[in-house]
Amino acid sequence: MRQPLVAGNWKMNGSREAVTELLDGILAEVGQVKTAEVAVCPPFVYIPQAQERLTGSAVAWGGQDLSVQASGAYTGEVAGPMLADFGCKYVIVGHSERRTYHGESDELVAQKFQAARRAGLVPIFCIGETLDEREAGATESVVARQVDALIQLGGVGLLGEGVIAYEPVWAIGTGRTATPAQAQEVHGFIRSRVAQQSAEVAAGIRILYGGSMKPDNAAELIAQPDIDGGLIGGASLKAGDFLGICRAAD
Ligand code: PEP
């Protein structure tokens with residue numbers, strides 16, 4: 001049995017006050033979530049605030065990105081050991097916004113995954129196709145290429161130490177969700193791709209769906225056999241919506 005995970009990606013949103021309100025709103029009702037694991041990924045500067053409020057609670061926290069380096073002259077970067085130092089369990093790697101706006105390649109993302117593991121963090125490894133790629137019938141080849149880059153660098157055993165998030169780029173922040181059948185088709189493909197290397201890793205790895213997941217579509221998506229939770233953007237900024245998705249994952 002794979003424990004569902006619902007992780008909130010807050011992106012570049014928040015203020016000290018808004019973070020307090022959001023965390024308190026989540027903490028007030030997270031007790032109603034019975035089986036799903038819950039995590040939030042605030043912007044770096046709010047991670048200490050998350051640690052302070054969430055320590056001892058059922059909610060884990062993580063970063064949205066990390067450097068491939070552990071320390072040194074890399075202005076503006078944040079290293080995995082720094083995230084671990086502030087109690088992070090997770091770190092998102094390869095989010096499509098980083099791939100698009102920061103030119104992150106499959107190889108760099110794979111290196112970030114490896115750097116996360118070196119720091120003891122669990123990477124949430126984002127993959128997914130653009131609309132053009134889907135319309136060109138390239139969805140499977142794109143996600144296969146992204147997964148294979150990681151396996152080539154670190155082996156399937158390394159992949160098994162993380163979580164995959166399938167996020168069709170055309171569904172992120174657009175309000176256009178993949179149908180449960182569309183999502184399941186790709187999740188099933190990803191799992192079978194991993195199974196070519198290791199049946200054990202394929203059976204154990206959690207594959208989250210991300211892309212305009214909301215309380216009213218979450219249950220049907222997460223009910224699919226190969227969907228093990230969600231990576232949530234917009235809806236993770238409202239405690240009620242985020243918790244609605246967490247309950248749907250139960
Ligand atoms: C995301 O950015 O990971 C995401 C899934 O965003 P949204 O839920 O807003 O589509």
Side-chain angles (χ1 to χ4, degrees), residues 1-9 33-41 58-63 66 80 83-84 88-95 106 109-128 139-140 142-168 178 180-211 213 218-232 245-246 248-250:
M1 272 299 286
R2 298 182 293 266
Q3 185 188 15
L5 168 65
V6 179
N9 172 15
V33 181
K34 297 299 172 217
T35 55
E37 186 184 358
V38 179
V40 294
C41 298
V59 183
W61 59 96
L66 82 168
L83 297 176
C88 288
K89 175 173 180 184
Y90 291 103
V91 62
I92 297 170
V93 298
H95 191 279
D106 294 337
V109 173
Q111 287 166 4
K112 288 189 171 194
F113 188 117
Q114 217 171 24
R117 288 305 302 142
R118 278 198 298 271
L121 302 166
V122 178
I124 300 176
F125 171 50
C126 299
I127 58 175
T139 299
E140 292 189 352
V142 169
V143 297
R145 188 198 73 218
Q146 293 168 330
V147 169
D148 291 354
L150 181 61
I151 294 175
Q152 261 166 29
L153 184 75
V156 71
L158 179 71
L159 176 65
E161 294 174 6
V163 175
I164 296 173
Y166 168 60
E167 299 206 303
Q182 276 175 324
Q184 168 56 32
E185 196 182 354
V186 185
H187 281 238
F189 171 77
I190 296 164
R191 204 177 297 286
S192 66
R193 187 87 186 176
V194 178
Q196 287 174 6
Q197 305 290 324
S198 164
E200 195 187 339
V201 170
I205 194 163
R206 292 182 289 185
I207 308 179
L208 314 184
Y209 169 79
M213 199 186 260
E220 217 190 332
L221 282 160
I222 297 172
Q224 301 302 310
D226 289 301
I227 302 185
D228 306 310
L231 181 58
I232 319 300
I245 296 170
C246 296
D250 279 345

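All figures in this text were calculated on a predicted structure; none of them were measured in a lab. Numbering of residues begins at 1 and proceeds along the displayed sequence.
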Going from [atom1] on [X] to [atom2] on [Y], what distance comes out if it is rounded to the nearest 0.5 angstrom?
{"X": "Leu153", "Y": "Gln114", "atom1": "CG", "atom2": "CD", "answer": "4.0 Å"}
{"X": "Ile222", "Y": "Leu208", "atom1": "CD1", "atom2": "CG", "answer": "8.5 Å"}
{"X": "Ile124", "Y": "Glu167", "atom1": "CD1", "atom2": "CD", "answer": "9.5 Å"}
{"X": "Ile205", "Y": "Glu161", "atom1": "CD1", "atom2": "CD", "answer": "10.0 Å"}
{"X": "Arg117", "Y": "Leu159", "atom1": "CZ", "atom2": "CG", "answer": "11.5 Å"}

Student check: side-chain heavy atoms of Leu150 and Ile127 closer than 4.5 Å =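 No; the side chains remain at least 4.5 Å from each other.
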Can you see which heavy atom on Ala36 is nearest to which on Ala249, and at what distance?
->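 Residues Ala36 and Ala249, closest heavy atoms: CB-CB, 3.9 Å.
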Is Gln3 atom CD crowded by more than 12 heavy atoms from other residues, nucleotides or ligands, each under 6.0 Å away?
->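 Result for CD/Gln3: enclosed.
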Check whether more than 12 heavy atoms from other residues, nucleotides or ligands sit under 6.0 Å from atom CD of Glu185, and answer yes or no.
->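 12 or below, so no.
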Pairs satisfying side chain to side chain donor-acceptor pair (under 3.5 Å), at least one member in residues 146-157, at least two apart =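 Residue pairs passing side chain to side chain donor-acceptor pair (under 3.5 Å), neighbours aside: Asp148-Arg193.
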side-chain hydrogen bond (donor to acceptor under 3.5 Å, both in side chains) with [X]: which residues, sequence neighbours excluded?
{"X": "Arg118", "answer": "none"}
{"X": "Gln196", "answer": "none"}
{"X": "Glu37", "answer": "Lys89, Tyr90, Arg206"}
{"X": "Arg191", "answer": "Asp226, Asp228"}

For His187, which residues count as a ring pair (Phe, Tyr, Trp, His ring centres under 6.0 Å) partner, sequence neighbours excluded?
->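 Residues passing ring pair (Phe, Tyr, Trp, His ring centres under 6.0 Å) with His187: Tyr166.
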